[in-house]
Asker: 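Supplied in structure tokens, the structure appears directly below.
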Amino acid sequence: MRTTRTVPARPVLIVTLGLATAGLPLLAPHAAGADPRPVVREGAAVDDRAAARAPASAAGRALADETSPAPATATRGYPRRQVLSPDPENPGDKSLKLGLTPYHAIAPKLNALQRLGDRVSVEVTGRSAGGHRLYLVTVTAPETTRQARAQERMRALIENAPATAAKSREIKRAYKAPVFVNSNIHGNEWEGTDASLKVIERLATAKDAATRDLLAHSRLYFNVTANPDGRIAGTRANANGFDLNRDFVTASQPESRAMRRIELDKQPAVLLDLHGYVNGTLIEPTTPPHGENYEYDLFLKNSYANALGMESAVNALGYTPAKDGVEPAQIPFRDQEEGWDDWPPIFTPQYAAFHGTVAAHTVEIPLAVNNEEYDTLPVPELRRRSAVNTAVAGAAVRATLDHVREHRATLVADQIETFRRGAAGAPQVPVSPRTVPGVPGIGPEDVYTTDFPRAYVIPPGDSRTQRSAPAAARLVDHLLANDVRVTRATRPLRLAGRTYPEGSYVVDLRQPKRGMANVLLADGRDISDKVSVMYDISGWSLGRLWGATVERVTSGSLRGAPLRPVTEAARVAHVPAHGTLRLRLTDPREIAALNSLLEQGVPVRQARDGSAIVPASARRAALSAARAHDVSFTATRLKGETPLHRLRVAAAVTPGELFALREMGFDVTPVSTAVLNAGFDWSGTDVLFVSAGLDHAALTAPARKALDAFLDGHGLVGRGATGAALNAAADLLAVKPVEGNPDANGVVRAVNSGRLTQGDPAHTFVYAPLWFTDLGPGVREEQSYAIGNPLVSGHWRPLGDGSGGPAAAAGQASVVSGGRTVLFGTEPLFRDHPKGEFPQVARALFTVAHSGSDEENG
């Protein structure tokens with residue numbers, strides 16, 4: 001526990017929410033858009049009325065061009081004006097009720113701002129899942145093309161040659177500190193957009209010396225609305241139902257990839273991510289645990305100093321609890337013990353830290369105007385609150401810009417030092433009152449560092465079966481998309497006493513963004529004993545969950561090693577010239593290739609080992625699928641047994657699961673209790689997948705009868721408590737589901753013992769874990785939690801009575817099957833993330849859907 005304070009510590013965050021307005025009831029934690037309590041579920045089922053609606057093409061748009069950056073443009077000077085075409089007026093835009101800027105008014109506003117002078121430039125960085133343009137505004141003093149090229153040269157020097165950059169007089173004198181203000185990443189946290197537009201307007205025309213000095217020595221980047229889909233619909237999520245502030249490690253959504261590209265291209269030293277709603281205004285830095293892979297001493301030093309300035313500016317607005325319902329601002333690091341952490345890199349500020357941002361903040365403005373407040377409060381009150389919130393967000397932005405103007409040299413120097421430590425393999429500096437002077441209350445509970453390995457090696461896959469080749473290629477491309485440097489062995493490589501084959505990928509941890517590399521590839525840490533509660537996920541290892549083999553090399557030298565840098569992974573696609581073809585189904589790309597063949601009517605059969613057998617006559621179709629999905633077919637003498645057909649899946653699932661199913665090429669129709677009660681035609685459905693939003697007891701009698709009739713002749717794949725509850729209600733599989741701690745999540749060791757999981761990675765992901773006991777006749781254990789403590793990384797404690805912990809789960813069945821039913825106690829599709837686990841669900845869907853013709857495959 002924290003013992004040193006300059007102010008009395010407040011209780012845990014969830015009880016600090018103040019009065020929304022004088023005389024109004026206390027805001028319940030559920031009302032805060034920031035959800036300031038541990039998040040124990042991914043979200044509602046996809047058909048929940050609060051979810052933003054996507055056009056039919058939205059999932060396809062989000063899946064397209066997953067790793068490719070935006071097209072590069074030649075460096076040119078500023079301003080870079082363009083005239084934006086207007087969007088059709090939308091009277092249903094939820095911003096209008098609050099008196100805020102609707103999305104359709106943003107393009108005209110940006111056009112007007114560009115006309116105010118020579119300081120404002122606008123570019124379109126991409127489109128949202130729902131098809132809306134994403135705007136980035138740059139505000140800076142005019143630059144010639146030559147000056148802009150000089151800025152880019154210095155930016156590259158800072159990252160690529162930080163030791164040289166640290167000595168550069170030109171950088172000290174002339175480099176413009178990059179600042180990134182990100183607004184409206186949660187669509188129903190609106191006011192950051194309006195505050196940013198007001199700040200841009202003032203900067204465009206201000207004549208005072210401070211503004212001229214700021215713009216002469218800084219580039220200010222404003223992502224005006226990071227989530228236009230949610231802004232219009234009044235939802236937290238985008239049109240695909242994704243919380244974008246949980247997507248940075250996976251980058252499944254186009255909006256996340258656009259923000260990632262800004263981070264890489266602009267290399268901000270300072271970042272603000274404007275959110276709502278916590279009263280009083282919450283300004284990071286955060287409580288423990290702190291991300292162990294970045295240079296936390298530099299991060300804390302700068303983030304805390306800027307937070308003090310924002311706190312002062314917000315409080316100086318003069319709002320009070322009695323008059324306005326606004327509590328004084330709070331800084332979690334100083335004012336809280338735990339509950340608002342910066343451990344996972346899924347949040348905007350924490351992700352930014354791995355790209356050299358040394359002062360990064362989530363700012364939660366105070367007065368709730370979303371959810372039930374939006375629906376129940378009078379319009380004048382909503383608009384009063386929104387005006388207050390806009391003023392608070394604006395004060396935070398202006399204070400940050402003042403801090404940048406006054407401390408530009410230190411911020412840039414510390415960014416350089418971040419990269420220098422990585423490139424040199426220098427040790428991290430643990431935080432302490434000595435190493436981070438001026439920050440009160442630093443104690444041993446704030447010290448989080450890691451041991452960086454010398455390198456990681458990713459073998460290219462088995463040369464005969466190419467079993468892990470698609471996974472290795474996907475992982476390498478993802479690392480490169482996150483600006484991690486990767487090399488490839490041009491001949492067999494000897495490293496730390498082991499020989500790796502030619503073509504192996506090597507990630508040298510002596511690189512400027514070593515923290516980014518390690519946070520993605522490392523196992524992570526079990527932090528269950530460090531804090532009692534976490535805000536969101538605590539484990540995420542791509543090295544364990546993405547299906548590729550990843551070897552950690554703790555020591556050794558890469559000097560003289562036969563390695564060359566790569567800009568993309570080697571293509572895997574291959575189809576033999578002769579014979580029957582075999583496609584292993586161990587990777588989501590292989591599942592997608594299979595589904596594309598089935599969609600074309602190719603006669604595919606399944607072999608006893610689970611692979612797909614494609615006739616030689618379909619070689620042309622196989623070649624097209626191999627190229628489209630970058631997978632490899634092999635020649636085989638195996639004979640397929642069960643004919644496979646294109647599956648039509650009804651799914652009551654979370655948005656991440658729906659997205660993952662479509663990523664694998666399944667034909668999916670979302671369903672729910674409401675959809676079934678309205679009358680659902682089951683005649684076009686082969687299999688039902690249930691994890692959320694379907695309650696058997698809440699069905700009408702006709703809907704229940706229709707569902708039971710379907711399940712009597714078709715298959716059920718269930719996940720978690722909701723899937724297990726439907727299994728019990730329908731009396732399908734004789735098992736007893738046991739729910740673990742609902743706050744638990746992380747990477748766990750697993751034992752794969754059944755046909756559905758054979759050959760899968762020995763790790764999986766859990767979130768509110770479940771296991772199965774009392775397995776009845778005919779029930780098979782497909783997978784179990786490893787004995788001992790199965791948790792590798794994350795946060796999983798027993799409940800107060802001692803139950804529900806990892807020890808209770810150890811050795812118990814985590815995936816079971818029987819007849820036409822498969823039940824998962826794990827989270828194999830969580831937020832579209834654990835790619836290596838996706839095939840388990842695909843195999844389960846195929847198995848139960850085809851079990852009528854081949855009971856042994858059931």
Side-chain angles (χ1 to χ4, degrees), residues 12-14 29 35-43 243 246 249 287-289 292 338-347 523-541 544-545 654 656-657 691-692 718-725 736-751 761-773 783-816 823-831 833-834 837 840:
V12 174
L13 181 64
I14 61 172
D35 211 4
R37 53 165 39 189
V39 179
V40 296
R41 277 284 352 122
E42 175 184 356
D243 184 333
R246 305 292 185 273
V249 165
T287 65
E292 64 181 351
E338 59 178 34
W340 194 285
D341 61 271
D342 58 62
W343 180 251
I346 58 174
F347 310 123
D523 286 355
R525 187 196 300 192
D526 179 352
I527 56 171
S528 304
D529 62 343
K530 298 297 184 182
V531 291
S532 62
V533 65
M534 292 288 290
Y535 184 65
D536 202 85
I537 64 167
S538 313
W540 53 84
S541 172
R544 295 297 189 185
L545 298 177
T654 63
E657 290 171 322
S691 68
R719 199 270 303 154
T722 300
K736 177 183 177 182
V738 180
E739 296 185 39
N741 188 333
D743 288 342
N745 68 85
V747 181
V748 297
R749 293 182 295 115
V751 177
H763 296 80
T764 188
F765 187 80
V766 296
Y767 207 72
L770 190 78
W771 54 92
F772 305 97
T773 63
Q783 182 190 79
S784 62
Y785 295 109
I787 60 173
N789 180 4
L791 185 66
V792 173
S793 61
H795 191 273
W796 187 356
R797 287 183 167 193
L799 296 167
D801 63 1
S803 66
Q812 301 292 344
S814 54
V815 182
V816 294
L823 298 177
F824 288 87
T826 59
E827 287 265 9
L829 304 181
F830 180 75
R831 293 180 185 167
H833 176 68
E837 316 306 314
Q840 293 178 9

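These values consider heavy atoms only, across backbone and side chains, with no hydrogens, waters or symmetry-generated copies.
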Asker: Taking the side chain as everything from C-beta on, heavy atoms only, tell me whether Phe772 gets closer than 4.5 Å to Leu823.
Answerer: yes
Asker: Where do Arg831 and Ile537 come nearest, in terms of heavy atoms and distance?
Answerer: NH1-CG2, 3.9 Å
Asker: Does a side-chain heavy-atom distance below 4.5 Å link Asp523 with Val747?
Answerer: no
Asker: Could you pull out the closest heavy-atom pair between Glu837 and His763, with the gap in Å?
Answerer: OE2-O, 2.9 Å
Asker: One thing to verify: whether Asp341 and Lys530 come together as a salt bridge, which I'm taking to mean a side-chain N less than 4.0 angstrom from a carboxylate O.
Answerer: no
Asker: Apply side-chain contact (heavy atoms from CB on, under 4.5 Å) to Asn741 and list each qualifying residue two or more places apart in sequence or on a separate chain.
Answerer: Asp743, Ala744, Trp796, Arg797, Leu799
Asker: Please examine the side chains of Glu739 and Leu770, heavy atoms only from C-beta on, and report whether any two atoms are closer than 4.5 Å.
Answerer: yes
Asker: Distance check, rounded to the nearest 0.5 Å: Arg719 atom CZ versus Phe830 atom CZ?
Answerer: 9.0 Å
Asker: Could you report the tightest heavy-atom contact between Asn789 and Pro806, atom names first, then the distance?
Answerer: OD1-CB, 3.4 Å
Asker: Without hydrogens or angle criteria, can the side chains of Gln783 and Thr764 be said to hold a donor-acceptor pair below 3.5 Å?
Answerer: no
Asker: Do Arg525 and Trp343 have side-chain heavy atoms sitting under 4.5 Å apart?
Answerer: yes
Asker: Can you see which heavy atom on Gly539 is nearest to which on Asn745, and at what distance?
Answerer: N-OD1, 3.9 Å
Asker: Taking the side chain as C-beta and beyond, is there a heavy-atom pair between Tyr785 and Thr826 under 4.5 Å?
Answerer: yes
Asker: For the residue pair Arg544 and Pro834, establish whether any side-chain heavy-atom pair is separated by less than 4.5 Å.
Answerer: no
Asker: Side chains of Thr287 and Val531, heavy atoms from C-beta outward: is any pair under 4.5 Å?
Answerer: no
Asker: What are the two closest heavy atoms between Thr773 and Gln812, and how far apart are they?
Answerer: CG2-OE1, 3.3 Å
Asker: Could you state the interatomic distance from OG (Ser538) to OH (Tyr767), rounded to the nearest 0.5 Å?
Answerer: 8.0 Å
Asker: Can you give me the closest heavy-atom contact between Glu657 and Leu829, atom names plus distance?
Answerer: CG-CB, 3.8 Å
Asker: If you round to the nearest 0.5 Å, how far is OG of Ser541 from NE2 of His833?
Answerer: 7.5 Å
